[in-house]
Amino acid sequence: MTVGSKRRQPSLAQLRAFAAVAEHLHFRDAAAAIGMSQPALSGAVSALEETLGVTLLERTTRKVLLSPEGERIAVRAKAVLGEVEALMEEAEAVRAPFTGALRLGVIPTVAPYLLPTVLRLVHERYPHLDLQVHEEQTASLLDGLAGGRLDLLLLAVPLGVPGVTELPLFDEDFVLVTPLDHGLGGREGIPRQALRELNLLLLDEGHCLRDQALDICREAGRDDVPVTTTAAGLSTLVQLVAGGLGVTLLPRTALKVEISRSNQLLTGYFADPAPTRRIALAMRVGAARAAEYEELAAALRQALHPLPVRVLGQDT
């Protein structure tokens with residue numbers, strides 16, 4: 001290459017197409033994910049291979065695989081697209097705070113109980129903010145945050161994930177939910193040790209609330225919790241309790257909504273210190289809109305005071 005000549009550079013559309021294929025390993029699914037036709041996506045990936053002079057994919061009749069070179073380039077492409085997204089966020093934040101899109105990820109055991117407060121706050125205080133809500137399990141939310149698909153998360157912490165800053169909002173107690181004829185139903189001051197003998201019903205694998213319940217049991221001296229019945233959501237879990245299949249743990253914010261679904265339930269309260277969980281907002285370290293997210297967290301803490309939680313300060 002002569003001095004001063006320029007190599008061809010890939011376009012962002014080509015990088016997005018390749019990154020989507022690298023994630024989904026399927027042309028149709030990748031095209032749907034980024035709103036591109038399958039022929040256009042295939043053409044963009046081929047153009048990227050030609051521009052780079054590298055074979056990125058191994059195509060067969062049944063599946064798509066990344067070549068060894070493609071795996072390395074996929075990491076770089078993801079990083080480049082992340083930086084472009086950060087650039088756009090930075091420009092948007094400079095232009096006007098609390099405007100444009102904010103993609104909020106929320107775990108299923110928080111969404112039904114806190115979203116009314118969040119949505120009311122955003123509507124009243126930030127009317128020009130385009131809040132987009134995505135309800136997913138924790139692992140999916142963290143992937144979305146790391147990859148730039150999501151901007152901010154509302155979930156249980158601590159996460160212990162590098163590159164993520166947590167903005168604590170509140171702590172809330174767990175309560176015991178039982179059938180009407182259960183001996184602990186309606187009681188107060190229940191010792192944690194009582195969990196050693198209970199038939200505890202849990203959520204499916206992947207829910208952080210399941211892991212928290214198991215941790216509480218281990219703290220109470222119970223290492224094994226036989227899993228014979230599970231549920232995909234708290235509403236189903238509560239109905240299983242009402243049907244006499246066992247007992248469960250609910251966070252206080254979920255109690256009013258879920259207990260109202262049945263007249264066959266009682267609640268029991270643990271002795272202090274009760275088992276708790278902590279809920280926080282989470283953002284990428286160095287996020288362009290970090291100041292906005294911190295202000296939103298402060299406003300949300302104020303809005304949460306009417307709920308049965310212990311609101312936390314920023315330094316907690």
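Note that the numbering runs from 1 along the sequence shown for the chain.
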Distance check, rounded to the nearest 0.5 Å: [X] atom [atom1] versus [Y] atom [atom2]?
X: R289; Y: F98; atom1: CZ; atom2: CZ; value: 8.0 Å
X: L167; Y: L312; atom1: CG; atom2: CG; value: 11.5 Å
X: D29; Y: E23; atom1: CG; atom2: CD; value: 10.5 Å
X: L300; Y: R125; atom1: CG; atom2: CZ; value: 10.5 Å
X: R277; Y: D211; atom1: CZ; atom2: CG; value: 12.5 Å

Check: Hey, are R149 and E136 close enough for a salt bridge, meaning a charged N less than 4.0 Å from a carboxylate O?
Finding: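 Looking at E136 together with R149, the answer is yes, because their closest N to O distance falls below 4.0 Å.
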Heavy-atom neighbours of [X] [atom1] exceed 12 at 6.0 Å:
X: R261; atom1: CZ; answer: yes
X: R196; atom1: CZ; answer: yes
X: H26; atom1: NE2; answer: yes
X: H128; atom1: NE2; answer: no
X: E71; atom1: CD; answer: yes

Applying the side-chain contact (heavy atoms from CB on, under 4.5 Å) criterion to [X], which one of [options] satisfies it?
X: V177; options: L266, L255, V247; value: L255
X: F270; options: I216, D173, L249; value: L249
X: L153; options: L104, L142, V106, L281; value: L142

Checklist line | side-chain hydrogen bond (donor to acceptor under 3.5 Å, both in side chains) evaluation trace for S235 with E258 | finding: CA-CA 6 Å; S235 297; E258 299 302 340; 3.1 Å; yes
Note to self: Testing the 3.5 Å rule here: is there a donor-acceptor pair between the side chains of R310 and T276?
What the structure shows: no
Note to self: Ignoring hydrogens and geometry beyond distance, is a side-chain donor-acceptor pair present between Q9 and T51 at under 3.5 Å?
What the structure shows: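 Q9 vs T51: no donor-acceptor pair found between side chains.
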So, do [X] and [Y] sit near enough that their side-chain heavy atoms are less than 4.5 Å apart?
X: P308; Y: E172; value: no
X: L169; Y: L154; value: yes
X: E292; Y: Y126; value: no

Next item on the list: Walk me through it: do L234 and T248 pass the test side-chain contact (heavy atoms from CB on, under 4.5 Å)?
Entry: CA-CA 9 Å; L234 292 184; T248 196; over 6 Å; no
